[in-house]
Engineer: 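Take a look at the following structure, please.
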Amino acid sequence: MMPGRRFSRLIGTDGAAIAIALLLVGALFAVTVPEFAAVGNLRYFVAEEVPILVITAAIALTIIVGGIDLSVGAVLGLSAGVSLWTSMSGLGPVPSVLAGVGTGALFGVVNGLIIVGLRLNDFIVTLGTLNVAAGLLVVLTGRIQLTGTDDDAYVAIARTPLLGVTTGILIAAAVAVLMHLLLRYTTFGRRVRATGLGVEPARVAGIDTGRVKFLCYVVSGSLAGLGGVLLASRLNSVQAAMTSGYELTAVAAAVLGGVSLAGGRGGIWQAVLGALFLATLRQGFRLLGVDPMIFAMITGLCIIVGVVADRSLRDLANRLTLRDTRRSIGVAQ
Amino acid sequence: MNASTARRAASPPGGTAVPDTPLLRLRDVQKSFGNVRALVGASLDLHAGTIHALMGSNGAGKSTLLNVLAGLLEPDHGSVEIDGEAVTIGNPQRAQQLGLRTIHQELSTVPDLTVLDNLLVGREKESGAGRFGWLNRGRTARQLSDLAAEFGITRLDLATEMSRLGALKKRAVEIVKALASEPKILVLDEPTSGLEDHEKEALFDHMAQLRRRGVALIWVTHHLDEVFRLADVATVMRDGRSVATTAVAELTHASLSRQMFGESVELLADRPAARESGCSSSLREVPALRVHGLSRRGVFKDVSFEVRSGEVLGFAGLAGSGRTEVARVLMGLDRADRGVVEVNGRTVRYRSVRSAHRAGLAMVPEDRKQLGILGELTVAENISVSRLRAVSRAGLLDRRKENALAQSYVEDLRIKTPGVSAKVRNLSGGNQQKVVIGRCLNTEPTALIFDEPTQGIDIHAKAEVYRLVRSLAEQGAAVVLISSEISELLTLSDRVVVMSRGELVGEVGEVGRRASQDEQSVKDQIVALATRAA
């Protein structure tokens with residue numbers, strides 16, 4: 001008795017595993033922790049996760065193109081600082097947003113130029129720029145107390161209630177949707193996937209892989225910048241090191257969502273589901289009063305278990321698809 | 001579906017007394033990869049002290065069988081017996097315990113380590129390393145220096161880095177390394193590849209010496225002449241089956257090649273008609289592809305040739321002679337230091353592969369799996385990828401258009417696939433190759449480069465690729481065909497040029513019009529050019 005084609009298609013769908021896991025964990029907490037599902041709580045905790053959601057989309061893109069942008073967390077923090085500083089200088093909301101996103105984009109350009117131009121390893125280069133960004137934020141916060149702007153318009157960017165949630169959440173959702181569309185429905189996205197699957201075959205097929213990779217880093221940096229603006233706008237305060245470790249959460253989220261570190265495989269919305277899954281765990285445990293250290297360990301275990309489960313499901317799906325393929329082209333079993 | 005194989009009893013070589021139980025017996029070994037049935041039924045009896053040639057064209061299943069013997073692949077079906085006892089090989093360590101060693105075509109040694117350290121790998125225990133993991137180089141040197149000397153490796157060589165040895169010595173180190181574990185059975189996969197003629201002689205001496213030692217050799221080769229010189233028994237594989245095992249003394253060139261190619265030999269050998277018109281009328285035309293004085297430092301130099309529309313120009317040469325490297329420069333993958341490439345009289349300005357595509361050049365690369373297909377993408381995505389502009393507007397993909405385009409290639413090229421949205425990875429090798437060809441055609445090329453287009457695909461797919469190459473030329477494409485199979489070059493090409501050590505060393509014209517009795521002399525001519533000393 002083998003399951004049918006519909007089943008193989010369901011479990012073969014990227015993201016099915018993480019979506020099911022998210023629903024299960026969400027349901028579990030909703031039943032066991034009464035406060036969990038309260039609308040106010042839910043809204044608050046999603047708003048808190050906005051920066052992570054945005055850089056998860058960013059890091060997923062660079063992983064899919066076959067690299068990795070570890071600098072997103074620190075760049076997000078620095079961009080938040082620069083953006084808030086601009087706002088506190090009284091320059092108004094538009095220049096403040098541009099300053100934040102621009103800082104991120106600048107880091108993206110630098111990452112891209114070094115990685116593509118000098119053909120250096122993505123991991124090492126972005127580990128370097130991570131520290132540069134983190135250091136710059138320390139310098140900035142050491143000079144100026146980034147403790148709040150009087151510009152209400154700036155604060156309103158992320159905080160305005162809209163459609164039952166906040167603008168920050170809506171912007172993050174829009175980023176996820178746009179990034180998904182970019183990857184799935186544009187020629188650029190196709191080139192990203194091809195490059196991630198193999199630089200050499202992609203080059204032979206006529207793709208300018210260097211350019212594609214460079215652009216991915218610019219997009220990644222810009223998103224980190226945008227995430228920083230949303231963070232600064234919501235908290236109206238930026239401290240050094242407040243975003244340290246974000247990049248690792250984002251990598252974990254992407255991997256949980258089925259984005260392969262080998263490149264080429266996975267999608268944005270699956271990665272975002274991975275981020276939501278981790279966020280749900282964190283929130284649930286917090287409400288249950290679990291020690292944060294234990295929570296960190298459980299998260300770590302979840303990642304490993306999740307990756308193993310994802311791979312097993314994928315193998316099963318491949319086998320089933322192969323069987324269907326065989327049948328449909330009439331190859332003997 | 002158990003394939004019953006047509007096996008003829010192997011008569012013992014040289015009439016010497018050979019025990020009835022073979023050292024190694026394979027029965028009906030089968031192995032599939034996804035949809036590809038690599039081994040449909042392989043059987044083989046191997047006796048001690050014999051050199052047993054394993055022959056077959058690309059895609060016949062030899063390498064799969066070898067990987068089974070090396071313990072790298074688990075067969076789906078069939079049995080392996082050693083000394084009359086059924087065994088499961090399972091992994092390379094177990095293979096070694098069973099006395100089975102394989103020397104793969106690709107060297108398994110580490111270039112930056114010395115010969116001695118390479119010999120040490122895998123025999124740390126024997127070297128007395130054991131405790132604390134200290135390596136005992138002195139003891140290994142003492143243990144192996146005599147053996148090494150037998151195969152031409154001096155004490156000085158032992159201290160030399162692997163990368164500084166010549167091709168023959170590298171092979172010899174592999175042999176010594178394999179012999180150090182005292183195997184009963186040694187599998188050699190194309191051991192003469194990359195060797196000069198005199199080095200081959202030395203290697204044959206080594207092999208004869210192994211036979212004298214009583215080692216049973218399985219020798220994978222596709223050089224018929226070598227088989228007749230050295231082998232005792234030959235097993236021929238075709239389409240994943242072992243089709244015949246015969247004592248070499250009872251074979252002739254003709255009977256062996258008939259076994260290798262079977263009834264398909266006519267299909268493959270049949271020459272294109274209407275060659276005459278294509279060549280004579282085109283004298284005044286501008287060549288579709290003209291390459292002049294192309295050089296890339298340290299790789300090839302001063303390569304010049306022309307290909308006319310409707311013409312197939314074959315490139316012969318040994319591996320590493322620079323043919324693929326020329327193709328890579330033509331495609332904009334690597335840069336030339338000097339020289340001009342013109343397509344239809346217009347000089348190509350290279351900035352990227354895309355500029356080569358735009359100029360009208362396209363390539364079906366060698367090594368389909370590494371360079372050709374993007375396995376995780378679908379058939380449609382693989383076909384459209386080189387010219388996404390045709391299936392998009394303002395950067396947005398039009399899936400319907402993309403699928404329709406792919407569907408038309410699936411039909412034209414007769415690609416066997418459940419649909420255009422099936423992952424290419426799941427198709428058979430021949431169909432994957434056709435997808436790559438479809439991708440190239442989609443760029444509407446003036447000149448098409450095929451680099452080893454039939455490597456690793458089965459004989460039927462091969463015949464179809466041949467037909468495609470021909471019909472593309474007939475439709476007016478200029479075709480450059482790089483192939484290591486001389487018979488393939490002779491079957492498809494109008495002219496064959498030969499490369500050796502980065503230079504074009506000669507041309508064999510009008511091969512398509514020669515009578516078939518000339519074929520051997522043409523082959524000899526090509527081989528002589530390709531292997532002549534610098």
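In this text, all values refer to a predicted model and were calculated from it rather than measured experimentally. Letters A, B, ... are given to chains in the order of the sequence lines, protein chains preceding strands, and every chain is numbered from 1. Hydrogens, waters and symmetry mates play no part in the numbers below; they use all other heavy atoms, side chains included.
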Engineer: Of all residues at least two apart in sequence or in a different chain, which pass the side-chain contact (heavy atoms from CB on, under 4.5 Å) check with Ala176(A)?
Structural biologist: Val272(A)
Engineer: For Asp122(A) and Lys213(A), what are the C-alpha separation, side-chain angles and deciding distance, and is it a salt bridge (Lys or Arg N to Asp or Glu O under 4.0 Å)?
Structural biologist: CA-CA 10 Å; Asp122(A) 310 70; Lys213(A) 216 167 177 186; 3.4 Å; yes
Engineer: Please name the pair of heavy atoms, one in Ala254(A) and one in Ile59(A), separated by the smallest distance, quoted to 0.1 Å.
Structural biologist: CB-CG2, 4.3 Å
Engineer: Who wins among Gly189(A), Gly198(A), Ala194(A) for the most heavy-atom pairs under 4.5 Å with chain B?
Structural biologist: Ala194(A)
Engineer: Using non-hydrogen atoms and a 4.5 Å limit, figure out which bit of Arg190(A) sits close to chain B: side chain, backbone, both or neither.
Structural biologist: side chain
Engineer: Of the non-hydrogen atoms in Ser222(A) and Ala105(A), which two are nearest, and what is the gap between them?
Structural biologist: OG-CB, 3.4 Å
Engineer: Please enumerate all residues that pass side-chain contact (heavy atoms from CB on, under 4.5 Å) together with Glu74(B), with sequence neighbours excluded.
Structural biologist: Thr88(B)
Engineer: How close do Gly257(A) and Gln270(A) get, heavy atom to heavy atom, and via which atoms?
Structural biologist: O-CB, 3.1 Å
Engineer: Taking heavy atoms only and a threshold strictly under 4.5 Å, list by residue number the residues of residues 431-448 of chain B that touch chain A; give 'none' if the list is empty.
Structural biologist: Arg439(B)
Engineer: Name the member of Gln370(B), Arg389(B), Arg387(B), Lys423(B) that forms the most heavy-atom pairs with chain A at distances under 4.5 Å.
Structural biologist: Gln370(B)
Engineer: Under the criterion salt bridge (Lys or Arg N to Asp or Glu O under 4.0 Å), I'd like the reasoning laid out for Glu381(B) against Arg193(A): C-alpha separation, chi angles, the key distance, then a yes or no.
Structural biologist: CA-CA 10 Å; Glu381(B) 290 168 338; Arg193(A) 286 172 61 213; 3.3 Å; yes
Engineer: Taking all non-hydrogen atoms of both residues into account, name the closest pair between Ala60(A) and Ile268(A) and its distance.
Structural biologist: CB-CD1, 4.0 Å
Engineer: Using heavy-atom distances under 4.5 Å, tell me whether Arg351(B) contacts chain A through its side chain, its backbone, both, or neither.
Structural biologist: neither
Engineer: Please give me the minimum heavy-atom distance between Ile115(A) and Tyr217(A), naming the atom from each residue.
Structural biologist: CD1-CZ, 3.5 Å
Engineer: Specify which of Leu377(B), Ile373(B), Val385(B) makes the most heavy-atom pairs with chain A at under 4.5 Å.
Structural biologist: Leu377(B)
Engineer: Checking side chain to side chain donor-acceptor pair (under 3.5 Å) between Ser220(A) and each of Asn111(A), Asp69(A), Thr62(A), which is the one that passes?
Structural biologist: Asp69(A)
Engineer: If the contact rule is any heavy atom under 4.5 Å from chain A, which residues of residues 394-410 of chain B qualify, in numerical order?
Structural biologist: Gly395(B), Leu396(B), Leu397(B), Arg399(B), Glu402(B)
Engineer: So, does Arg296(B) use its side chain to make a donor-acceptor pair with the main chain of Glu325(B) at under 3.5 Å?
Structural biologist: no
Engineer: Does any part of the side chain of Phe315(B), heavy atoms only, come nearer than 4.5 Å to the side chain of Leu481(B), both counted from C-beta?
Structural biologist: no
